[in-house]
Amino acid sequence: MSEYAGKTRARLQRILSAGIIAAAAVVLAVGGLLTYSVQAMDRVQVESETKLVERKIARALGRIRENMISATVWNEAYTRTLARDQEWMQINYGDYFADYTAHDASVAYAPDGTPIYASRDSEPVTIESERAFISALAPLVGRVKEEARVKRAAQTTLLLSLDAVVTREATINVAGVPYFVSVSTVVPEDSATATSGPDPIVASGMAVSSFVPSLNQDLGLVAPELLVNAPREGPSVSLSDADGKALGHISWRPATPGASRLLGAIPVLLGLLGLMLLALSVGVRRVYRLINQLAENEQALDLSLAQAEASNAAKSQFLANMSHELRTPLNGIIALTELLERRQSDPTSSNMAKTIVASGRTLELVVNDILDVAKIEAGQLKFEVAPFNLVEVLSDTVDLHRATAEAKGIRLELLIPPGAAGVYEGDRTRIGQLVSNLVSNAVKFTQSGSVRVTVRRRGRGLSLFVADTGIGFDRAAADRLFQRFEQADVSTNRKYGGTGLGLSICRSLAELMGGRIGGRSRSGAGSVFVVQLPLQRLCEAAPGQPSAEDVSPSTAEADSSVPALRVLFADDHPVNRQVVALILEPLGVVLTEVENGALALEAYAEGTFDLVLMDVQMPVMDGLTATRAIREMERSTGRARTPIVSLTANAMPEDVRRSLEAGSDAHLAKPIRPDKLIEAVNQALAGEPAPAMKAVA
């Protein structure tokens, strides 16, 4: 076993140990959760008991009030109490409250508030013997007397029965003992018995200590007791007087249903824990054997992975090198031919130059297709979502293929109804690329007739139709047409050329944008490709923007409004230097040309420049190193920042990222187009961030 495999085995063993620890942690967590659940259950039980006690106290006071009203709203009680009939008051107050409502003491008052009768435990007693009870009742009696006076004064007619009675109940402190009491006026039932003076008053109450045992009987509380001082540890309910002053506490021992059930379940839990530990030990032994087998295969797997990574890295490097090697000569071919074509006065020469440019563009499209496939495979294809004018994008895209269609005598049409035109949100570049691939295929495989691009709005998106009158394809070919490197048949590949990547890229782009693509056709009867994209329409076309009716074929002209500039250009390829010089020559630019990054750094240190155009791959010192050195020189000397645009055949996403990280303000991929170069120069000088954050197409 190799050293690496041995390390892998040790690592897996540590993972197994961590798994055992994790299992133990799970057991502890389950135990903790169970304990928490038990405590929560017991806490809920205590809260429920507390609410029941509070409700029991409220009901006790309510019953005292009801019993008091039944004894005081009565003609005979009114006349007998006014007559101070002691025998009657003993039977109907003292005996009634003691025997039927379990009250401990009762007192009757004359209309002026003077105590005239007292009873305790169903026996008449002297007023003086109940002085403590009477003193504690005094504030409540005074309040009832005052409320009765106010009530009588507010009425124009004589109040009788329940309309006249005034009753109050409360908890009071009688010589350190809490009492539930009720105080009520004694009122007549009819006007024949009533008098015009104030009413007599009756008060009765029971010690809370005699109420507490009922909490065990009625609520099932464990060991309830009344505590005058601080409550003991555990649940309790405070007793307060009418002014909120604490008079005592009713405490009890909390019930623990959760803990009791847990104790009863301990034998079962221990049995389950034992079974789990047994299963865990068996599983650990089997996993340990598997670890040994995995460790033996680790070396072979590592070797395979290294080979795959090396193969992928070689492919990526090959694509980058191919991109650079193809774009460098394309830069000279396309850019110089475009400049040459603009200087031709002879139509034949101009058409020849246009043909060369078209051929170069075709080769550039092949390179772009290969690079797009690489980006899609690597998951590096990025989308820039921004508002765009649909008519403008599709018109520009269709116009790219108009010359080719006219050369074949094919009618190329773009139909966008007003209901579909407008400003949408999406990636205009990728949408244009998708439509361009479909139109390019349609023109390529159509010998006569027409190619028509139609747009329709459907629901929350757009449907794009590209229909042609070309050779078509059969159903068997339709099943594989969207696969890479596939065309209708081998003979088509020989006759019409192409890489077979266009439709594959279209499908990937549509799916990555949340849409789909499909095609239908019959051999020899033309084809229709349909693209459905979930594009949100922001608004109709803004005033002044092009519409489908007024857009005509044209090519973008370079903005020649750039003032005279001092430009430093570093590139090791003489053709590239010639191309840039010819593009910038009409603008009156003072161009300083050097062949590598070291000479660029030396020229920058000795001169003053408004802009630096920097190739990336150069001998002696590459462009990225030179760019970093220029930025460091600016920081160390306090020199103003000079815009730097990378001009390079490297167009992969990582190439753009490296350029921007080195300090470039924009990344312009070759082949260089005059209008794009001037646009990048203008934007870099203006400090606009959009192109600087990506490659300028």
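Within the 4.5 Å cutoff, no side-chain heavy atoms of L434 are placed close to those of R430. The shortest side-chain heavy-atom distance between M89 and Q86 falls under the 4.5 Å cut-off. Between V73 and V165 there is a side-chain heavy-atom pair separated by less than 4.5 Å. For the pair P178 and L226, the minimum side-chain heavy-atom distance is below 4.5 Å. At a threshold of 4.5 Å between non-hydrogen side-chain atoms, the residues V144 and T167 do not count as touching. The side-chain heavy atoms of I431 and M513, taken from C-beta on, include a pair separated by under 4.5 Å. Side-chain contact between S70 and Y96: present, with at least one pair of heavy atoms (C-beta onward) separated by less than 4.5 Å. Between R428 and E392, some side-chain heavy-atom pair lies under the 4.5 Å cut-off.
The backbone N or O of E123 lies less than 3.5 Å from no partner atom in the side chain of D121, so there is not a single donor-acceptor pair. Under a 3.5 Å cut-off, the side chain of E49 and the backbone N or O of S236 do not form any donor-acceptor pair. Side-chain atoms of D427 come within 3.5 Å of backbone N or O of T429 as a donor-acceptor pair. Within the 3.5 Å criterion, the main-chain N or O of T185 finds no donor-acceptor partner in the side chain of K145. Side-chain atoms of N216 come within 3.5 Å of backbone atoms of L221 as a donor-acceptor pair (strictly under, hydrogens ignored). With E511 contributing its side chain and I517 its backbone, the two residues share no donor-acceptor pair below 3.5 Å. For the pair D190 (side chain) and T193 (backbone), a donor-acceptor distance under 3.5 Å is present. Checking side-chain atoms of T79 against main-chain N and O of N75 turns up a donor-acceptor pair under 3.5 Å. One N or O on the side chain of T101 and one on the backbone of F97 form a donor-acceptor pair closer than 3.5 Å. In this structure, the side chain of D163 does not engage the main chain of L159 through any donor-acceptor pair within 3.5 Å.
The distance from atom OH of Y424 to atom CZ of F388, rounded to the nearest 0.5 Å, is 8.0 Å. In this structure, I91 CD1 and E87 CD are separated by 5.0 Å, a value rounded to the nearest 0.5 Å. Here CG of L390 is found 11.5 Å from CG of L538. Values are rounded to the nearest 0.5 Å. In this structure, CG in L61 is found 5.0 Å from OG1 in T171, a value given to the nearest 0.5 Å. Distance check, rounded to the nearest 0.5 Å: CZ of R59 to CD1 of I57 gives 12.5 Å. Distance CD1/I250 to CG/L227: 9.5 Å, rounded to 0.5 Å.
Cation-pi contact between R456 and F465: present, with separation from the ring centre below 6.0 Å and deviation from the ring axis of at most 45°.
For the residue pair H249 / S238, a side-chain donor-acceptor distance below 3.5 Å is found, with atom types taken as modelled. For the residue pair Y78/T195, the side-chain donor-acceptor check at 3.5 Å is satisfied.
Around CD of Q155, the count of heavy atoms belonging to other residues, nucleotides or ligands within 6.0 Å exceeds 12.
By the salt bridge (Lys or Arg N to Asp or Glu O under 4.0 Å) test, E146 is found to be paired with R149, residues two or more places apart in sequence or in another chain being considered. Take E128 and apply the side-chain contact (heavy atoms from CB on, under 4.5 Å) test, not counting sequence neighbours, and it matches T126, R131.
The shortest non-hydrogen separation linking S210 to D104 is OG-OD2, 3.8 Å. Counting all heavy atoms, side chain and backbone alike, T50 lies closest to P235 at OG1-CB, 4.4 Å. Contact record, P200 with T81: CB-CG2, 3.5 Å, taken as the closest heavy-atom pair. Considering every non-hydrogen atom in both R152 and D199, the closest pair reads NH1-N, 4.0 Å. Shown here for L160 and A194, the closest heavy-atom pair between the two residues is CD2-CB, 3.8 Å. Scanning both residues, R143 and A242, for their nearest heavy atoms gives NH1-CB, 3.7 Å.
Partner of L462 under the side chain to side chain contact (heavy atoms under 4.5 Å, CB included) criterion, chosen from R457, Q532, Q536, R537: R457. Just one residue in the list S182, S204, S184 forms a side chain to side chain donor-acceptor pair (under 3.5 Å) with T72, and that residue is S184.
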Starting from the C-alpha separation in whole Å, work towards a yes-or-no answer on side chain to side chain contact (heavy atoms under 4.5 Å, CB included) for F211 and M206.
CA-CA 8 Å; F211 161 80; M206 62 181 297; 4.0 Å; yes
Apply side chain to side chain donor-acceptor pair (under 3.5 Å) to the pair D95 and S122, showing each step before the final yes or no.
CA-CA 5 Å; D95 293 345; S122 193; 2.8 Å; yes
Verdict with reasoning, I172 to F180, per side chain to side chain contact (heavy atoms under 4.5 Å, CB included):
CA-CA 7 Å; I172 64 174; F180 293 150; over 6 Å; no
Applying side chain to side chain contact (heavy atoms under 4.5 Å, CB included) to S240 and K245, what does each step give before you reach the verdict?
CA-CA 5 Å; S240 302; K245 181 181 178 181; over 6 Å; no
If you apply the rule side chain to side chain contact (heavy atoms under 4.5 Å, CB included), what do you find for W74 with N92, and how did you get there?
CA-CA 11 Å; W74 184 15; N92 292 278; 3.4 Å; yes
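Note: Y93 and W88 have perpendicular aromatic rings, judged against thresholds of 30 and 60 degrees for the angle between ring planes.
Within the structure, salt bridge (Lys or Arg N to Asp or Glu O under 4.0 Å) contacts touching residues 166-179 (residues at least two apart or in different chains) are R65-E169, E147-R168.
Y117 has its ring centre no less than 6.0 Å from the ring centre of Y109.
Between E130 and R120, at least one side-chain N (NZ, or NE/NH1/NH2) sits under 4.0 Å from a carboxylate O, which counts as a salt bridge. A salt bridge is absent between K51 and E47: the closest approach of a Lys/Arg side-chain nitrogen to an acidic carboxylate oxygen does not fall below 4.0 angstrom. Contact check on K56 versus D218 returns a salt bridge, with a Lys/Arg side-chain nitrogen under 4.0 Å from an Asp/Glu carboxylate oxygen.
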